[in-house]
Amino acid sequence: MLAALALLAFASGASADFFSPESGGSPNADAIDSLYWFVMAVAIIVFLGVEGALVYSLVKFKARKGAVPAQIRGNTRLEIGWTVGAAVILVVLAAITFAKLGDIRNPPNSDANGLKLAAGPSLRLPKNGKALNICVNGQQYIWRYTYTQDCKNAPLDAPFSYEEMVAPVDTTVTLTINAQDVAHSWWIPKLGGKFDAIPGYTNYTWFKIPGKLAGQTFTGQCAELCGRNHANMTARVRAVTPSQYEQFIQTRKTELKAANDAAAVSRKKLQAQSGTP
Ligand SMILES: [Cu+2]
């Protein structure tokens, strides 16, 4: 039993950064992490205060054999004190959370060397209105990425990939997330928060990978039980330089065109064989 529990607790994915959410791949993930640590610090102070008072009292006021403890009820000042104290802590936590929300929700501009494209429809855009958009589509049991600015009006020959997304660094990338069949959930922990992928509904998020992380791959996986192969629905984001990204898109376009041309030849052949126009 213990071995099984230990195995689950120490599974690499279960511990994230051990104490806090993973971060380091994008400013929104960093903001989530620092907010988490702030709340954690307050919680540790409260925990130490309460447990300290408890342990101190246990030792100091330990009942000796046969002794009858003094029967004391109520201490108005203390009671008002800890009620007001708890309320103040809650107000401070709420205020800090709202102050931090902007960094988590609002994407910054791309850097000077990042790609700057006129943005497609997105809930939130950088101040200069320019971002690279990638459409994320969850399907049982794989992620499909379409590289186009406007997912609703994506051209039929828009480049796409499955499972591994290729994204340029120093560039603000907006994601337009939905699902083909059932509810899934998009989550690459190092690149920010978790977003549901729901059929018929669109969710938006973003990330911006720092230039020094070009070449790195960030992993995650579908975070909503979506069927019996849910566990196999992994996702990767490979960070590349903006010029490598443009090359990747060009290669995909060429490959797509070659595949379409080959299909057209086969179609003609089949039609000739069956005699249909
Ligand atoms: Cu899924």
Side-chain angles (χ1 to χ4, degrees), residues 1 3-18 20-26 28-29 32-33 36 104-105 120-124 132-167 173-207 209 216-239 248-249 252 255-256 259-260 263:
M1 259 297 257
L5 278 178
L7 202 68
L8 289 174
F10 291 103
S12 63
S15 51
D17 268 355
F18 206 73
S20 66
E22 289 188 73
S23 59
S26 179
N28 45 355
I32 290 171
D33 193 41
Y36 188 97
I104 297 170
R105 296 161 94 179
S122 184
L123 200 61
R124 285 190 176 76
L132 173 76
N133 188 69
I134 300 175
C135 322
V136 175
N137 182 248
Q139 5 188 307
Q140 285 172 318
Y141 299 96
I142 200 162
W143 292 102
R144 179 193 158 110
Y145 316 111
T146 311
Y147 301 84
T148 185
Q149 291 302 96
D150 182 356
C151 302
K152 279 228 170 74
N153 304 303
L156 277 176
D157 62 347
F160 64 90
S161 67
Y162 283 96
E163 205 161 336
E164 183 176 85
M165 177 194 291
V166 175
V173 179
T174 54
L175 300 180
T176 307
I177 304 166
N178 54 32
Q180 189 98 337
D181 34 40
V182 300
H184 301 272
S185 184
W186 169 256
W187 195 24
I188 306 282
K190 278 196 165 73
L191 299 183
K194 189 192 289 178
F195 281 83
D196 281 347
I198 307 289
Y201 184 85
T202 305
N203 260 331
Y204 302 91
T205 185
W206 62 275
F207 61 75
I209 303 173
Q216 280 209 29
T217 298
F218 304 92
T219 55
Q221 85 175 84
C222 179
E224 178 81 53
L225 183 59
C226 58
R228 66 177 175 179
N229 287 334
H230 160 68
N232 298 337
M233 196 167 160
T234 54
R236 286 193 306 275
V237 172
R238 183 157 58 90
F248 162 79
I249 292 296
R252 290 300 288 164
E255 285 169 354
L256 259 172
N260 277 336

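Here the structure is a predicted model, which means the values were calculated and not measured.
Not counting sequence neighbours, Asn203 has no partner by the side-chain hydrogen bond (donor to acceptor under 3.5 Å, both in side chains) test. Annotation: side-chain hydrogen bond (donor to acceptor under 3.5 Å, both in side chains) contacts of Asp157 (sequence neighbours excluded): none. When the side-chain hydrogen bond (donor to acceptor under 3.5 Å, both in side chains) test is applied to Tyr162, the partners found at least two apart in sequence or on another chain are Arg144. By the salt bridge (Lys or Arg N to Asp or Glu O under 4.0 Å) test, Arg236 is found to be paired with Glu163, Glu164, residues two or more places apart in sequence or in another chain being considered. Residues satisfying the ring-ring contact (aromatic ring centres under 6.0 Å, His included) criterion with Trp186, sequence neighbours excluded, are Trp143, Tyr145. Considering only residues two or more places apart in sequence or on other chains, Asn178 meets the side-chain hydrogen bond (donor to acceptor under 3.5 Å, both in side chains) condition with Asn137. Partners of Cys135 according to the disulfide bond (SG atoms under 2.5 Å apart) rule, which considers only residues two or more places apart in sequence or in another chain, are Cys151. Contacts of Phe248 classified as ring-ring contact (aromatic ring centres under 6.0 Å, His included), with partners at least two apart in sequence or in another chain: Tyr147.
Applying the salt bridge (charged side-chain N to carboxylate O under 4.0 Å, His left out) test to residues at least two apart or on different chains, the pairs with a partner in residues 183-194 are Glu22-Lys190. Within the structure, side-chain hydrogen bond (donor to acceptor under 3.5 Å, both in side chains) pairs that include any residue of residues 219-233 do not occur (at least two apart or interchain).
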Subject >> side-chain contact (heavy atoms from CB on, under 4.5 Å) evaluation trace for Trp206 with Val173 >> reply: CA-CA 5 Å; Trp206 62 275; Val173 179; over 6 Å; no

**OP:** Walk me through it: do Arg105 and Asn28 pass the test side-chain contact (heavy atoms from CB on, under 4.5 Å)?
**Re:** CA-CA 7 Å; Arg105 296 161 94 179; Asn28 45 355; over 6 Å; no

**OP:** Determine, stepwise, if the pair Gln140 / Val182 fulfils side-chain contact (heavy atoms from CB on, under 4.5 Å).
**Re:** CA-CA 8 Å; Gln140 285 172 318; Val182 300; 3.8 Å; yes

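Shown here for Gly192 and Ile32, the closest heavy-atom pair between the two residues is C-CD1, 4.2 Å.
Side-chain contact check for Pro199 versus Asp181: every heavy-atom pair is 4.5 Å or farther apart. Between Leu132 and Thr174 there is no side-chain heavy-atom pair separated by less than 4.5 Å.
Using a 3.5 Å distance cut-off with no hydrogens or angles, the side chains of Thr148 and Asn133 do not pair a donor with an acceptor.
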